[in-house]
Amino acid sequence: MAKLVIQGGKRLQGEVKISGAKNSALPIIVAAALATEGECVLDNIPKDSDVGTICLILRSLGVELWFDQEGKLHVVGSTLNKYQAPYDLVRKMRASFYTAGLLLARMGRAEVPLPGGCAIGSRPVDFHIRGFSQMGADITIEHGFMKATCDKLIGTNYYINRSSVGTTMNLMIAATLAEGTTVLENCAKEPEVVDLAIFLNGMGAQIRGAGTDIIRIEGVEKLRGIEYTIIPDRIEAGTYMFAAAITGGDVLIKDIVIEHLRSPLSKIEEAGVVVEKGATEVRIIAPERLTAIDLETAPYPGFPTDLQQPLVACMTVADGTSVITENIFDRFRYVDELRRMGADIKVERETAIVRGVPQLTGAPVEVTDLRAGAALVIAGLAAAGTTEIYGLDIIDRGYERLEDKLRGLGADIKRVETHEGIDAFAQIETRV
Ligand code: UD1
């Protein structure tokens, strides 16, 4: 196990390149295994641990995959030959439930563990399951697994109860090879949904309407392997924007799709940051002290829930009081850790009231979930003295080379091994 150790107070300056989007890579790697002809070659795959986990899950299902010397991931779907996803890997990540859509489409049978509880509140998969069932799958929940069978999935009209990224993508994956037409209503419009649709259409699928709330999928007989480049990670880009902002920095964030960041960019401008937009990059020039802003998270194109925590970290030292409302998940547990660094935050149900203080102070803190981890790093960059961030494996799930990229911008940050996970009794001698 390792922790991050940050000496705060360094102004971030320079350039940082953004990696491929984790939340696109996960469904696209799974969808690549729909191809029964040829192989998929995927470029711009971020090497974070969630991506590693999805690769291992697919391998356990018989799919062949490997990285070439240029870092492109090759996926051979034709070797898929198992329908049981292993609990020890699936439990690590909710996105592994995408394998259910793949397995039903390809094998007519899926046994996938239900994702368990999670540090950002209850995250059921009932919308996914209802969709599979409406497409004709017989489903039972046994011993913590969803067990589903069908001769062939049948196209259907399905209204998703609440805009859900995962449900939209899983049902798109399932419907590509179904018999007839599937119409999904109240779909998520996130850029990652559009990325998956473009990829699937390149493989021969017939999907129309991705990026709107109605997606229409005409089932096809088979899909073929293609080469594809994953879109940039808008959440990683947003994280570096807020890291630059809290340190009064001047940072050029490169290799992004600027349109995907409209809401975060407008909010950061409201907080007093000068934003210079290029075609595929943005320069963030931050003032000495940010101004407090109010914010509500919302499905795309609204402000992403995944950047709520990084923004709150910035607001802890802003001039004034911010009112932040979280509408997607139960995502305020981490504020206790920010309070340990001197933040003044009051949470009432889904709203956090953040009174800006002049300065945070470094402290040992614990990561509660992925984006909370990003928030603690951002707070640590601005805090006086040393911040030690435990639970680094959670940050590694979604950020590729975080400390290297921050060090490249002038941050004083390092990864240090800890004593966590060491067998205490093995350390204590037995005397006779
Ligand atoms: C995805 C992203 C995550 C992001 C979230 C919202 C991935 C791997 N993760 O998560 O980073 O924070 O979108 O933008 O892409 N819900 C149900 N039943 C369901 C499905 C969802 O009640 O079957 C609820 C959830 O609890 C939540 C809301 O719907 O309150 C939206 O969740 P959803 O969009 O599905 O999030 P994920 O796809 O899990």
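For ligands, and for the atoms within them, numbers begin at 1 and follow the listed sequence. Not measured: the values here are computed from a predicted model.
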- Query: Does E236 reach the main-chain N or O of Y399 with its side chain, forming a donor-acceptor pair under 3.5 Å?
  - Reply: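 Absent.
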Looking only at distances, can you tell me whether any N or O atom of [X], backbone or side chain, sits closer than 3.5 Å to an N or O atom of ligand 1?
{"X": "F127", "value": "yes"}
{"X": "M169", "value": "no"}
{"X": "V165", "value": "yes"}
{"X": "S164", "value": "yes"}

- Query: Would you say A188 touches ligand 1, if touching means a heavy atom closer than 4.0 Å?
  - Reply: no
- Which segment of F329 sits under 4.0 Å of ligand 1 when only heavy atoms are counted: side chain
- Message: Test of understanding: given a 4.0 Å heavy-atom threshold, classify the contact between D126 and ligand 1 as side chain, backbone, both, or neither.
- Response: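 It is both backbone and side chain that touch ligand 1.
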Would you mind listing which atoms of ligand 1 come within a distance below 4.0 Å of any non-hydrogen atom of [X]?
{"X": "G166", "value": "35 (O), 38 (O)"}
{"X": "R331", "value": "12 (O)"}
{"X": "H128", "value": "23 (O)"}
{"X": "V125", "value": "19 (C), 23 (O)"}

- Should the ring pair F132 and F97 be called parallel, tilted or perpendicular, given that the plane angle runs from 0 to 90° and is split at 30 and 60? tilted
- Query: Can you tell me if S49 and K92 form a side-chain donor-acceptor pair at under 3.5 Å?
  - Reply: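 The answer is no; no qualifying pair exists.
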- Task: Return the option from D306, D369, L307 holding the heavy atom at the smallest distance from atom 12 (O) of ligand 1.
- Result: D306
- Listed by chain and number, what are the side chain to side chain contact (heavy atoms under 4.5 Å, CB included) partners of S78, not counting sequence neighbours? V76
